[in-house]
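Report on the structure given below.
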2 protein chains.
Amino acid sequence: MHDLLKGKEKVLQVAIKLFSAKGFKGTSIRDIAQAMNMSISNIYHYFGNKEGVLLAILEHSSRRLIDELRKISEMDLDPLDRFKLLIKTHIELSGSYKKEIKIFFLDEEHLSAEGEEINNQIQRDILEIHCNVLRALNEAGYMDCKSITIMAFNILGTINWYLRWYRSKGPLSAEDVTKEVVSFILYGVLGNKKESIISEPR
Amino acid sequence: MHDLLKGKEKVLQVAIKLFSAKGFKGTSIRDIAQAMNMSISNIYHYFGNKEGVLLAILEHSSRRLIDELRKISEMDLDPLDRFKLLIKTHIELSGSYKKEIKIFFLDEEHLSAEGEEINNQIQRDILEIHCNVLRALNEAGYMDCKSITIMAFNILGTINWYLRWYRSKGPLSAEDVTKEVVSFILYGVLGNKKESIISEPR
DNA sequence: CCAATTACATATCGATCGTTCGATACTAAA
DNA sequence: TTTAGTATCGAACGATCGATATGTAATTGG
């Protein structure tokens, strides 16, 4: 047993890498098998079919992110502090699930009805968490917007796009970049009530 | 000639629809040919290969968007007004190129070196236009940020995400949704200098 | 009107795809 | 030691893929 990961777990690791790099349709079962010196049929033994691999990735990786974010959304904090923490955590956590998230939002198209349902549920869960936190923010008078949902979409767009373009190359440190993105979202959300901000989020 | 569009032009129309719906890898030349009752070989006669179809779409559709945006970015206006106009136009124009833009940002992965270069150039052009407008905004003291580029990315993320989720179904009119998105971007960009905003952009 | 170019079609190629089958090796309980 | 389940494999299936070779009809410029 000279491999750190074995069987099922390793398939997922390799598949995450390949799916995120070449897309779902762009990656064949053979690609995955070859990249880890495993037989094709063995992957089918584990996951049933190709989509099974994708769904396993989705469930496996999204669960952790969603649980973490939900925990924050239920914290007993000042609405603004909770919101800041949520955004910051979402960005930072997403950093470690970068590849997986790229898969979430890249391959929604070519799934079966069942797969699409699972994928939609994930996105709905994440959106709802943000909506809840935003709603509290709104009711506490920190912001004033016509549609909480639109605001949540704007936030997710900014975060997910950040995952696309960020390549630890530029002049700023990862931390500074995060701070800039968080700040953009913060001011965008608070809008004309920006006086609510006493101090920058650290 | 019972068809409104003929030949090359019609291939592009059909390909845009299919690529945006099922992805580049998820759409076969046969799909395109069948959807318009044309022979496979004829598409090859027009575009050389499958990627040729994609590149034709890219060049054809991005050119108009880029030209339009660049025109605005070079207008002799107050920096803030120019910025507002740019965002508003970008969102509205993107609305009509929705499918095409989905293709731009969905299929960057599976292109040849040449195709990737073209695609990158398009994205660089769009980014640069926004950077230029932002820079003027910054120099005029309307905003104060560490990185113009990050700001531009944030804007593009919000806009492109909007194209993903918007489905003329919700309670708000398309116009109102646009206004909300523009407002989010505006406040996000202006940050702690929001007093620069006198009146909402219509 | 005729030659040349363009617009299209049929038929087919070899490669690759997702998937399945049938067989072995290993492992742990009985 | 038998047995049952789990992990793994090689070989092959039919379908579909991108691409091409070889044509014929239509259009057009001189």
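Worth knowing before you read on, the calculation uses all heavy atoms, side chains too, and leaves out hydrogens, waters and symmetry mates. What you are looking at is a predicted structure, and each value in this text was computed from that prediction instead of being measured. Protein chains get the first letters and strands the later ones, always in sequence-line order, with residue 1 at the start of each.
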Query raised in the report: Residues two or more places apart in sequence or in another chain: which of them pass side chain to side chain donor-acceptor pair (under 3.5 Å) with A:Arg135?
Result: A:Asn132

Query raised in the report: Between atom OH in B:Tyr46 and atom C1' in C:dC8, what is the gap in whole Å?
Result: 7 Å

Query raised in the report: Listed by chain and number, what are the side chain to side chain donor-acceptor pair (under 3.5 Å) partners of A:Glu117, not counting sequence neighbours?
Result: A:Arg124

**Report entry** d(CD, A:Gln34; P, D:dC9) in whole Å
**Finding:** 13 Å

**Report entry** Separation of C:dC8 C1' from B:Lys8 NZ (nearest whole Å)
**Finding:** 15 Å

Report task. Can you tell me the distance, in whole Å, between the CD atom of B:Glu9 and the P atom of C:dC8? Result -> 13 Å

**Report entry** Integer-rounded Å distance: D:dG10 P and A:Ile43 CD1
**Finding:** 13 Å

Query raised in the report: side chain to side chain contact (heavy atoms under 4.5 Å, CB included) with A:Arg70: which residues, sequence neighbours excluded?
Result: A:Ile66, A:Ser73, A:Glu74, A:Asp125, A:Ile129

Query raised in the report: Could you state the CE-C1' distance from B:Met38 to C:dT6, rounded to the nearest angstrom?
Result: 13 Å

Report summary line: Sorted by chain and number, sequence neighbours left out, side chain to side chain donor-acceptor pair (under 3.5 Å) with A:Asp78 holds for A:Tyr142

Report task. Let me have a per-nucleotide readout for nucleotides 10-19 of chain C, 5' to 3', with B, S or -, counting only protein heavy atoms under 4.0 Å. Result -> B-B----BBB

Report task. Mind listing the closest non-hydrogen atom pair of A:Tyr166 and A:Ser173 along with its distance? Result -> OH-C, 4.5 Å

**Report entry** Integer-rounded Å distance: D:dG18 P and B:Phe47 CZ
**Finding:** 15 Å

Query raised in the report: For B:Glu51, what residues pass the side chain to side chain donor-acceptor pair (under 3.5 Å) criterion, not counting sequence neighbours?
Result: B:Ser112

Report summary line: A:Lys10 NZ to D:dA7 C1', in whole Å, measures 15 Å

